[in-house]
Amino acid sequence: MIASNIYFLLEMLLIGRLIGEYAFAAGNLALPLILINFALADMIAVGSSIGIAIRLGEGKNDSADRLFTTAVFSAVILTLIAGALLIIFGPTMFRLMGADEMLVKDATVYLAVYACFAPLTSLVFVFDNYLRICGRVRFSMMMNLLMSALCLIFEFIFLYIFDLGIGFAALGTSLGMSIVCIICIYPFARGRMALHFVKLKHVKSALKDIFKQGLPSFLNNTSSKITSIIMNSLLLHFGGALAVSVYGVFMNIDGIVVPGMYGIFDSMQPAIGYNWGAGRKDRVRKIVLYSFIAIALLCILFTLLLSIFPGEIFSLFLKTNASDMSLAVHAISIMGLTYAVRWISYGCQSFSSAIEYNREAAVLSLCNALIFPLISMLVLGSFELEGLWFVTPLAAALTAIVAVIIFFSRLRKIVR
């Protein structure tokens, strides 16, 4: 997951370094909308993977194949519709956020390219999960590494060698993802995997299972992007393009940390689901314990990095003067505190989803991604730019408190 998201960080780094601060701000305005589209496919991937793993653990292979087939086709249709809506309404949304016409133009071009490729590129997230379920973990990892490399090569050619605009940054990433997607689909299409394409049956019940299991993940992903859109609007109002760029740098780092946490628990979800279905709660306890330790270490590491090297991290993305650098160092140091407690709520949420305690997972998703960030913005917005830097740490701390309450009141009894 870290490898598959490195290309977003590298893409923004290349845009900031080779095209400039304005293009960097435009890309960060559009990125939440792009990721909402990807979140639809991710919802289907997570929702179907949990059900497929449990059914395989129970020996219900035919049911697993039907769920797999329904998930793939529904992912294509959903992302096609969402992509069309983004192309139509994207410019209006950027104007509502307070962007000037130059920002709107660059952000719209960037968004439109991604939207056109979405029905194919979004399947990368879907088949990545299915490869792991079928035991092809190493192949899955290699495909993600290949995707990062291809995206970087295409973008380097378009932006550095040919000196093209921001739309070609999106094209480079889309081409890299599309090539890897075709490679991942091939063994399933040839029938060489444990999961097979079958005739669509009982689609309604399959979709119900998929959406029920995947909703917490979708709420978390989508709500966080909505929060980012609102945050960008406030930052534009109080601090202009520079404030959006500073927040964009933090969100690019967040694009490494969150996929790292997600990848640890997501890679374990098939194992958790399988052992849960097979009645091996002793193994479930061990897997969850090791996963919690891993994401805690990851988060603490990034808290230290953002606290010790905020200026160096910002300089990777943008060249700026001394006064702007002072603002960036101050802001990134504060926002980096988010990860000191972020692992608590995320681990509890992922574990709840893996054992089909969807209500608890949905509550944590909404608290972390929407409810507490919005409350924090309302409370801290009166302090203008200074208050906005504290929104993400405060929201993470409040959600951690809710996670601890849920764990001791509900989940602790289940696994004993």
Side-chain angles (χ1 to χ4, degrees), residues 1-12 31-50 52 68-83 86 110-111 113-155 169-190 192-193 195 197 210 214 217-218 221-222 225 255-256 258-260 262-264 266-267 269-270:
M1 280 302 299
I2 293 174
S4 68
N5 280 270
I6 282 176
Y7 62 81
F8 278 123
L9 183 146
L10 292 174
E11 180 174 321
M12 286 299 159
L31 194 57
L33 297 177
I34 294 165
L35 295 178
I36 286 175
N37 201 3
F38 285 150
L40 288 169
D42 191 56
M43 173 187 67
I44 292 171
V46 172
S48 60
S49 295
I50 294 169
I52 289 169
F68 161 71
T69 306
T70 303
V72 172
F73 282 98
S74 59
V76 173
I77 294 170
L78 271 179
T79 53
L80 178 63
I81 294 171
L86 288 175
Y110 187 70
L111 175 66
V113 175
Y114 270 112
C116 290
F117 280 86
L120 182 59
T121 56
S122 61
L123 289 181
V124 169
F125 306 101
V126 177
F127 279 94
D128 180 63
N129 281 45
Y130 299 151
L131 285 169
R132 289 197 304 273
I133 288 176
C134 293
R136 301 296 296 274
V137 180
R138 185 174 297 176
F139 181 70
S140 170
M141 183 183 71
M142 295 306 298
M143 288 299 98
N144 280 296
L145 291 171
L146 175 63
M147 181 169 66
S148 295
L150 288 175
C151 293
L152 178 60
I153 291 169
F154 281 128
E155 290 198 32
L171 178 62
T173 299
S174 297
L175 288 175
M177 293 178 72
S178 298
I179 292 171
V180 169
C181 180
I182 293 169
I183 296 173
C184 290
I185 292 173
Y186 180 76
F188 289 93
R190 292 291 302 272
R192 295 177 178 177
M193 294 291 187
L195 293 172
F197 286 106
I210 291 169
S217 174
F218 178 73
N221 289 329
T222 305
K225 303 309 174 288
I256 297 297
V258 172
Y262 182 94
I264 289 167
D266 189 50
S267 64
Q269 275 190 345

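Starting from 1, each residue takes its place in the sequence as its number.
- Here the CG atom belonging to Leu31 is positioned 4.0 Å from the CG atom belonging to Leu35, to the nearest 0.5 angstrom.
- Two residues are said to be in side-chain contact when any heavy atoms from C-beta on lie closer than 4.5 Å; Leu195 and Phe188 meet this criterion.
- More than 12 heavy atoms of other residues, nucleotides or ligands lie within 6.0 Å of CE in Met193, so this atom counts as buried by the packing criterion.
- Heavy-atom minimum distance, Val126 versus Ala41: CG2-O, 3.7 Å.
- If you run side chain to side chain contact (heavy atoms under 4.5 Å, CB included) between Val180 and each of Leu146, Leu175, Leu145, only Leu146 comes through.
- Annotation for Pro119 and Thr79: closest pair CA-OG1, 3.4 Å, computed over non-hydrogen atoms.
- Ring-plane geometry between Phe127 and Phe197 is classed as tilted, the angle between the planes lying from 30 to 60 degrees on a 0 to 90 degree scale.
- For the pair Leu123/Val76, a side-chain contact is recorded, criterion being any heavy-atom separation below 4.5 Å from C-beta on.
- Asn144 places none of its side-chain heavy atoms less than 4.5 Å from the side chain of Met141.
- A pairwise comparison of heavy atoms in Ala115 and Gly83 identifies CB-O, 3.5 Å as the closest pair.
- A donor and an acceptor atom, one from each side chain of Asp128 and Ser140, are located under 3.5 Å apart.
- Counted by atom type alone, Tyr114 and Thr121 present zero donor-acceptor pairs between their side chains at under 3.5 Å.
- Note: Thr173 OG1 to Ile34 CD1 = 9.0 Å, rounded to the nearest 0.5 Å.
- Going from atom CG of Leu120 over to atom CD1 of Ile182 covers 5.5 Å, rounded to the nearest 0.5 Å.
- Atom CG in Leu111 sits 9.5 Å away from atom SG in Cys116 (nearest 0.5 Å).
- In this structure, Leu150 CG and Ile183 CD1 are separated by 7.5 Å, a value rounded to the nearest 0.5 Å.
- Across Met147 and Val124, no two heavy atoms sit closer than the pair SD-CG1, 3.7 Å.
- Residue Glu155 holds its CD atom at 9.0 Å from OG of Ser174, rounded to the nearest 0.5 Å.
- Looking at heavy atoms from C-beta onward, Ile81 lies out of side-chain contact with Leu40 at the 4.5 angstrom threshold.
- Looking only at side-chain heavy atoms (C-beta outward), Cys181 and Ile185 come within less than 4.5 Å of each other.
- Of all non-hydrogen atoms in Met43 and Leu78, the two that sit nearest each other are CE-CD1, 4.5 Å.
- Side-chain contact between Tyr130 and Cys184 is absent, with no heavy-atom pair separated by less than 4.5 Å.
- By the 4.5 Å heavy-atom criterion applied to side chains, Cys151 and Leu10 are not counted as neighbours.
- Put simply, the side chain of Asn37 does not reach to within 4.5 Å of the side chain of Ser122, judged on heavy atoms.
- Of all heavy-atom pairs between Phe117 and Ser178, the closest is CD2-OG, 3.5 Å.
- Under the 30°/60° scheme for interplanar angles, the aromatic rings of Phe38 and Phe125 are found to be tilted.
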